[in-house]
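Working notes, beginning with the structure itself.
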Amino acid sequence: MMTYQPKSDFLRTMVERGFLQDCTDFEGLDEALLTGVVPGYIGFDCTADSLHVGHLTQIMMLRWLQKTGHKPITLMGGGTTKIGDPSGKDEARQLLTTEQINDNMAGIRHVFERFLTFGDGAQDAVQPNNADWLDELNYVSFLRDYGRHFTINRMLSFDSVKLRLDREQPLTFLEFNYMLLQAYDFMELNKRYGCGLQMGGSDQWGNIVNGIDLTRRINRNQVFGLTTPLLTKADGTKMGKSASGAIWLNADRLSTYEFWQFWRNTLDADVGKFLKLFTELPLEECERLATLEGAGINEAKILLANEVTTLAHGAEAAAAAEATAREVFEKGGVGDDLPTVSLPAGETSVVQLFVKAGLAASGKEAKRLISEGGAKIDDEAVTDAGLMIDVSGTLKLSAGKKRHALVKAD
RNA sequence: GGGGGGGUGGCAGAGCGGUCAAAUGCAACGGACUGUAACUCCGUCGGGGAAACCCUACACAGGUUCGAAUCCUGUCCCCCCCA
């Protein structure tokens with residue numbers, strides 16, 4: 001695959017920056033991208049009101065698509081979310097109301113607006129909702145008009161299906177149908193927007209290929225698909241989890257300081273990869289930074305954190321986060337950007353203080369922290385779990401060396 | 001429909017009448033080392049309580065026992081094989 005040198009800006013960027021896992025027709029897509037504006041889409045579930053770093057590869061890909069002169073389509077799975085894609089899930093997803101789904105779509109839209117330009121222009125991003133066409137689907141006519149184009153033989157040959165069958169895990173009819181609906185989405189987007197490209201994670205390959213086939217058969221249009229590699233950290237663990245949970249891209253869900261910290265704590269070995277994927281720094285710069293060692297790579301992580309935070313939350317948020325981090329970690333001081341909790345002034349037990357500040361999940365955990373010597377108030381180690389604290393002014397609480405929070409008296 | 005095997009802490013997976021808040025591994029958290037890394041090492045890891053101590057837990061509901069995650073009965077769920 002890599003023997004072909006792409007000529008289009010978009011594909012070249014994708015290859016150089018490590019976005020590309022696979023493509024259905026590398027040369028064909030390249031040509032289409034050179035010929036005119038190619039609307040390209042990625043589908044997103046509406047299960048939460050924000051997206052997280054696990055989506056960031058896809059988001060950046062859409063951003064590059066727009067930057068290189070094409071049209072991004074962020075398809076909301078409003079229709080499919082009502083059913084729920086059960087693949088990989090242990091239990092059936094709880095059903096969301098239409099209202100919840102709409103709220104979630106609005107939240108997701110907020111995230112995208114930071115990365116993409118929406119509007120009515122040829123290269124402006126649009127955000128359709130597949131409920132608009134899936135809700136009206138009639139089972140019998142769907143089977144008759146579209147079901148005929150899918151053979152079970154072929155569907156069984158897809159890895160996503162084969163894996164499940166090989167592992168002797170049940171695959172419900174619902175899941176099996178999911179790929180038909182997604183194929184239908186692609187075809188519909190091709191009709192409505194002239195969409196010529198679907199992108200997604202490597203696990204979406206089968207679904208994407210089905211959409212391409214269906215679009216060719218029904219619309220008689222040649223469309224393309226490309227996938228991104230599954231992102232893992234250098235130590236083999238999943239990317240995008242932190243102590244407190246998912247790394248949300250929405251400031252309501254995760255403070256910009258904590259978001260910044262997530263990137264600041266990138267493993268050495270991942271710095272280059274993340275710079276290329278999640279920032280827009282020139283390629284050579286990314287590669288140079290990745291080769292640094294010791295203090296150098298440490299500074300590179302700050303740069304990474306600043307760049308990603310600027311994209312997701314703006315330059316001001318990034319600067320504030322960096323200032324706080326430098327104050328806290330380099331000078332041992334206090335920064336405004338630390339997670340802050342307000343409490344009524346007065347006496348509280350240390351244990352409760354740590355729980356309320358979000359530094360301990362339970363009183364037991366707070367006590368454990370204290371007995372292990374990891375709990376500090378204004379940098380003084382707490383030794384007595386029975387201590388009563390008079391909350392007044394601002395206190396800096398620390399759990400270990402990295403987790404800090406401020407408590408303010410009302 | 002018949003036969004068999006299972007459901008244990010965030011996950012994986014022991015335990016199969018008392019010494020079990022439950023081995024071990026992973027994850028997580030704290031500490032040492034450092035660069036706010038990685039690796040390694042040490043410690044912690046159901047909840048409430050300052051503590052003594054108390055409470056809830058081995059799918060669910062009952063039962064047998066001085067005593068049950070462990071035995072019995074019923075219910076629900078999962079997997080496998082046969083039809």
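No experiment lies behind these values; they were computed from the predicted model shown. Below, chain A is the first sequence line, B the second, and so on; all start at residue 1.
The same atom, C1', is picked in A69(B) and in G13(B); the two are 14 Å apart, to the nearest Å. Annotation: C53(B) and C58(B) have their P atoms spaced 25 Å apart (nearest Å).
Within the structure, every side-chain polar atom (N or O) of Lys402(A) is placed at least 4.0 Å from both OP1 and OP2 of G30(B). Close to G30(B), at under 4.0 Å from its OP1 or OP2, lies a side-chain N or O of Arg403(A).
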Would you mind building the protein contact string for nucleotides 39-47 of chain B? One character per nucleotide, 5' to 3', B for base within reach (heavy atoms under 4.0 Å), S for sugar-phosphate only, - for untouched. ----BSS-B

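Taking Ala409(A) as the reference, Ala345(A), Val391(A) meet the side chain to side chain contact (heavy atoms under 4.5 Å, CB included) condition, with sequence neighbours excluded. In this structure, the salt bridge (charged side-chain N to carboxylate O under 4.0 Å, His left out) partners of Lys67(A), at least two apart in sequence or on a different chain, are Glu280(A). For Phe224(A), the ring pair (Phe, Tyr, Trp, His ring centres under 6.0 Å) test picks out no residue, with sequence neighbours left out. The ring pair (Phe, Tyr, Trp, His ring centres under 6.0 Å) search around His404(A) returns Phe329(A), not counting sequence neighbours. The salt bridge (charged side-chain N to carboxylate O under 4.0 Å, His left out) check on Asp9(A) picks up Arg12(A), with sequence neighbours excluded.
Sorted by first and then second residue, the ring pair (Phe, Tyr, Trp, His ring centres under 6.0 Å) pairs involving residues 353-401 of chain A (not counting sequence neighbours) form an empty list. For residues 277-308 of chain A, the set of pairs meeting the ring pair (Phe, Tyr, Trp, His ring centres under 6.0 Å) definition, not counting sequence neighbours, comprises Trp263(A)-Phe278(A), Phe274(A)-Phe278(A). Residue pairs that meet the ring pair (Phe, Tyr, Trp, His ring centres under 6.0 Å) test with at least one member in residues 365-394 of chain A, sequence neighbours left out, do not exist here.
For RNA chain B, the neighbouring residues in residues 298-306 of chain A, judged by any heavy atom under 4.0 Å, are Asn298(A), Lys301(A). In the region residues 308-330 of chain A, proximity to RNA chain B at under 4.0 angstrom, judged on heavy atoms, holds for Ala325(A), Phe329(A).
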What dot-bracket string describes RNA chain B from 5' to 3', counting Watson-Crick and G-U wobble pairs whose defining distances are under 3.5 Å, with [ ] for crossing pairs and | for pairs to another strand? ((((((((.[[[..)..(.....]]].(((((.......))))).(((....)))...[[[[[..)....]]]]]))))))).

